[in-house]
2 protein chains.
Amino acid sequence: MAEKITSLQVAQRAGVSQSAVSRVFTPGASVSKKTADKVRKAARELGYRPNVLARAMVKGQSRIIGLVVGYLDNYFYPKAMELLSTSLQEQGYHLLIFMAPQTGENIDGVMDEILDYQVDGIVLASVAMSSEISSRCQQAGVPVVLFNRNQDIDGITSVTSDNYAGGRKVAEFLLAAGHEKIGYIAGWVGASTQRDREAGFRAALHQAGRDIDAYEIGNFNTETARQAARNMFDTAPEKRPDALFVANDHMAIATLDVLRFELGLRVPEDVSVIGYDDVPPASWPAYNLTTMRQRARTMVDETVNALMEHIQSPDIARPRRVAIDGPLIVRTSARLPQGWTPKG
Amino acid sequence: MAEKITSLQVAQRAGVSQSAVSRVFTPGASVSKKTADKVRKAARELGYRPNVLARAMVKGQSRIIGLVVGYLDNYFYPKAMELLSTSLQEQGYHLLIFMAPQTGENIDGVMDEILDYQVDGIVLASVAMSSEISSRCQQAGVPVVLFNRNQDIDGITSVTSDNYAGGRKVAEFLLAAGHEKIGYIAGWVGASTQRDREAGFRAALHQAGRDIDAYEIGNFNTETARQAARNMFDTAPEKRPDALFVANDHMAIATLDVLRFELGLRVPEDVSVIGYDDVPPASWPAYNLTTMRQRARTMVDETVNALMEHIQSPDIARPRRVAIDGPLIVRTSARLPQGWTPKG
DNA sequence: ATGAAAGCGCTAACAA
DNA sequence: TTGTTAGCGCTTTCAT
């Protein structure tokens with residue numbers, strides 16, 4: 001049956017006090033080698049392990065980080081999550097998962113649940129957050145970091161790729177290749193990633209006296225993106241864009257399939273397509289998608305750093321807004337600019 | 001700063017005892033409406049929420065389920081994980097994530113960590129387990145379910161797809177289509193999924209007086225699978241298999257790319273390819289992979305059921321071995337048998 | 001229906 | 001270095 005071994009039982013077996021046992025299992029405590037040996041022996045024999053929850057209660061630190069994630073359809077997230085989990089694990093923390101309700105923005109309920117677990121920190125992946133919740137977390141002393149989203153709320157830490165710069169790079173690449181009619185398939189308009197990518201893209205276009213020539217909304221959703229692609233390209237050749245920026249890779253891949261298999265267009269001969277994220281399928285030979293890379297590893301490192309800083313010194317640590325630069329990964333889904341060489 | 005509101009503070013404000021507050025937040029307790037109202041009001045004003053960890057300590061139930069997962073490269077797992085998390089959340093449980101160390105089979109350390117958190121149950125996804133650990137969990141009274149793996153350990157619950165039956169179906173489909181030389185690219189040989197798929201495949205072949213004509217090991221790894229495909233197909237046409245079963249979709253997709261883009265073969269005209277899992281990319285038009293579907297939703301439901309049963313009645317619940325049947329999803333990567341129609 | 005009191009398993013002063 | 005003691009925030013008898 002469920003035999004829970006407590007420190008008291010170990011203490012009795014080792015012939016020491018219960019607090020002695022506690023000290024043996026507390027890194028910085030002062031115990032004589034002799035006591036430690038006795039305790040360890042007894043513990044081993046009994047199969048004792050400290051109860052993390054009890055420790056959490058008295059120390060006020062659970063060593064649990066709450067992760068709220070909306071959906072895992074975008075393959076950028078599983079990878080990020082794996083890295084995040086591993087990285088935190090190395091620091092002695094673990095992720096407690098909360099799926100955000102798909103419908104509506106009822107993050108509030110989830111946040112309450114999270115706080116109930118006395119988490120030491122919260123990572124919000126691709127999830128928006130009201131300033132009300134933000135202040136509630138702040139009041140509860142729980143650091144929050146927005147992963148792959150940022151928000152105009154004061155004092156909230158966020159880690160994203162540099163979406164604005166990324167959008168610019170894509171535009172510049174397309175412009176340099178001499179494209180004449182440029183289309184854009186947007187993500188969900190409520191997302192900061194979408195907004196910033198589009199803003200950067202547009203800014204670089206404007207700078208060249210140009211603008212987006214065809215615009216559709218794909219909502220970061222595969223099916224919607226397919227339809228968007230049809231709307232934009234199922235038309236007379238002279239009215240079709242010859243270049244397309246899609247706000248993320250998954251939509252770009254769906255678009256690529258529509259272009260090739262439904263509409264019989266050649267990529268990049270008829271249309272250049274560029275995505276954003278550099279998820280693994282982007283590099284699969286069937287797609288070979290030119291795309292802006294999001295550096296998951298760096299983003300995760302920054303997230304963990306921010307979290308640890310706030311946990312270790314809540315007073316000193318200030319909120320920050322990290323935007324990670326990334327390279328444009330040039331593959332074969334977009335025409336190369338004249339004179340472009342692999343090295344740049 | 002970090003102002004934690006306790007039930008005592010609520011009690012004082014409401015002018016009742018601390019235990020009254022506890023009762024109000026305990027589903028089945030007996031409290032008068034009047035008291036409940038006072039308490040709720042005070043709680044709302046103070047922003048009080050019960051501390052899950054404290055509750056866990058006294059009740060001996062953490063409402064946390066540990067999930068050990070090896071890697072998320074196979075897109076079957078993110079989906080399964082999402083379903084699992086959502087399903088558990090509905091029952092008031094949450095997943096605590098532990099990444100299994102990639103190198104070696106040192107699951108033991110991870111399991112210890114998990115047990116330290118006093119989890120109410122453990123799900124092992126694609127991870128093997130020693131019988132020693134199994135009995136330790138049993139001794140600790142923590143139910144374990146193996147997800148997508150099974151093992152010849154007595155009394156351990158597992159949930160998988162019916163890999164043996166799946167392997168058979170693939171062989172039968174290939175045989176019916178009249179293929180003459182049949183290849184197999186295996187997964188990691190230590191995995192029960194690999195073993196059972198191959199066994200079923202081979203059994204059906206034997207039954208027809210046939211056998212696997214070409215065999216390579218892909219280890220469930222993309223790069224290894226590519227190399228396996230080259231080894232098997234980069235040869236004279238008459239020595240090449242005209243049909244190939246690959247132990248999972250991700251390897252199948254990698255293989256498909258090698259066949260088409262490196263070796264210039266046509267699929268399915270030159271080679272029929274069948275995978276296993278039915279991950280989302282399998283249905284992308286560029287691949288259109290014929291594959292055995294693993295029913296993630298059903299597998300997750302069974303997993304949750306088994307867990308809940310063991311948690312609610314530890315004595316009555318017996319271990320079980322669930323193998324979920326799935327359909328062969330017929331797309332265009334494999335030649336159709338004569339007279340085959342979409343409906344069956 | 002309600003309050004007082006005991007205790008879940010642990011850490012952290014405080015003495016000794 | 002070690003034992004004693006007092007909690008961490010809660011649930012749960014046990015009286016009333």
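Here is the naming used below: chain letters follow the sequence lines, and residue numbers restart at 1 for every chain.
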Output the residues of residues 29-41 of chain B in contact with DNA chain C, where contact means a heavy atom of the residue under 4.0 Å from an atom of the strand; sort by number or write none.
-> Ser30(B), Val31(B), Ser32(B), Thr35(B)
What protein N or O atoms touch nucleotides 12-16 of chain C N or O atoms at under 3.5 angstrom, if any, and at what distances?
residue: dA13(C); atom: N6; partner: Arg23(A); partner atom: NH2; Å: 3.2

Donor-acceptor pairs are to be reported for all side-chain atoms of residues 18-31 of chain A against protein atoms at under 3.5 Å, with residues two or more places apart or in another chain.
residue: Gln18(A); atom: NE2; partner: Ser7(A); partner atom: OG; Å: 2.9
residue: Ser19(A); atom: OG; partner: Ser17(A); partner atom: OG; Å: 3.1
residue: Thr26(A); atom: OG1; partner: Ser22(A); partner atom: O; Å: 2.7

Would you tabulate the side-chain donor-acceptor contacts of residues 300-307 of chain A under 3.5 Å, counting partners in other chains and residues two or more places apart, or write 'none'?
residue: Thr303(A); atom: OG1; partner: Met299(A); partner atom: O; Å: 2.8
residue: Asn305(A); atom: ND2; partner: Asp301(A); partner atom: O; Å: 3.4

Nearest whole angstrom, please: distance from the C1' of dT11(C) to the CG of Leu53(B).
-> 15 Å
Whole-Å distance separating the CZ atom of Arg49(A) from the P atom of dG9(C) = 17 Å
First and last nucleotide of DNA chain D touching chain A, 5' to 3', heavy-atom cut-off 4.0 Å?
-> dT1(D) to dG9(D)
Roughly how many Å is it from CE in Met57(A) to P in dG7(C), rounded to a whole number?
-> 16 Å
CZ of Arg55(A) versus P of dC10(C): gap in Å, rounded?
-> 9 Å
Can you list, pair by pair, the side-chain donor-acceptor contacts under 3.5 Å of residues 66-74 of chain B, counting residues two or more places apart and other chains?
residue: Asn74(B); atom: OD1; partner: Phe76(B); partner atom: N; Å: 2.9
residue: Asn74(B); atom: ND2; partner: Asp277(B); partner atom: OD2; Å: 3.2

At under 4.0 Å between heavy atoms, what does Phe25(A) touch on the DNA or RNA strands: base, sugar-phosphate, or nothing?
-> nothing
Does Ile114(B) reach the side chain of His94(A), with side-chain heavy atoms less than 4.5 Å apart?
-> no
Axis-to-axis angle across the helix from dA1(C)-dT16(D) to dA16(C)-dT1(D), five pairs an end, to 10 degrees?
-> 40°
Can you give each donor-acceptor pair under 3.5 Å made by side-chain atoms of residues 125-132 of chain B, sequence neighbours left out, with the distance rounded to 0.1 Å?
residue: Ser126(B); atom: OG; partner: Tyr77(B); partner atom: OH; Å: 2.0
residue: Ser126(B); atom: OG; partner: Arg149(B); partner atom: NH1; Å: 3.4
residue: Ser130(B); atom: OG; partner: Ile133(B); partner atom: N; Å: 3.1

Answer whether the closest heavy-atom distance between the side chains of Thr157(B) and Arg320(B) falls below 4.5 Å.
-> yes
Could you note down all residue pairs passing ring pair (Phe, Tyr, Trp, His ring centres under 6.0 Å) where residues 139-158 of chain A supplies at least one of them, sequence neighbours left out?
-> none
Would you kindly give the CG-to-P distance between Asn51(A) and dT11(C), to the nearest whole Å?
-> 9 Å
May I ask you to decide if Met81(B)'s main-chain N or O and Ser85(B)'s side chain share a donor-acceptor pair within less than 3.5 Å?
-> no
If a pair satisfies salt bridge (Lys or Arg N to Asp or Glu O under 4.0 Å) and one of its residues is in residues 46-72 of chain A, list it, with sequence neighbours excluded.
-> Arg49(A)-Asp116(B)
When you measure from the side chain of Asn163(A) to the backbone N and O of Ser161(A), does any donor-acceptor pair fall under 3.5 Å?
-> yes
Apply side-chain hydrogen bond (donor to acceptor under 3.5 Å, both in side chains) to Thr35(B) and list each qualifying residue two or more places apart in sequence or on a separate chain.
-> Ser32(B)
Given that Val16(B) and Val52(A) both sit by DNA chain C, which one's nearest nucleotide is further toward the 5' end?
-> Val16(B)
Using whole Å, report how far CG of Leu8(B) lies from P of dA5(C).
-> 14 Å
Mind checking side-chain hydrogen bond (donor to acceptor under 3.5 Å, both in side chains) for Asn150(B) and listing every partner two or more places apart, or none if nothing turns up?
-> Arg195(B)
Lys/Arg-Asp/Glu bridge criterion (N-O < 4.0 Å) met for Lys41(B), Asp37(B) | no
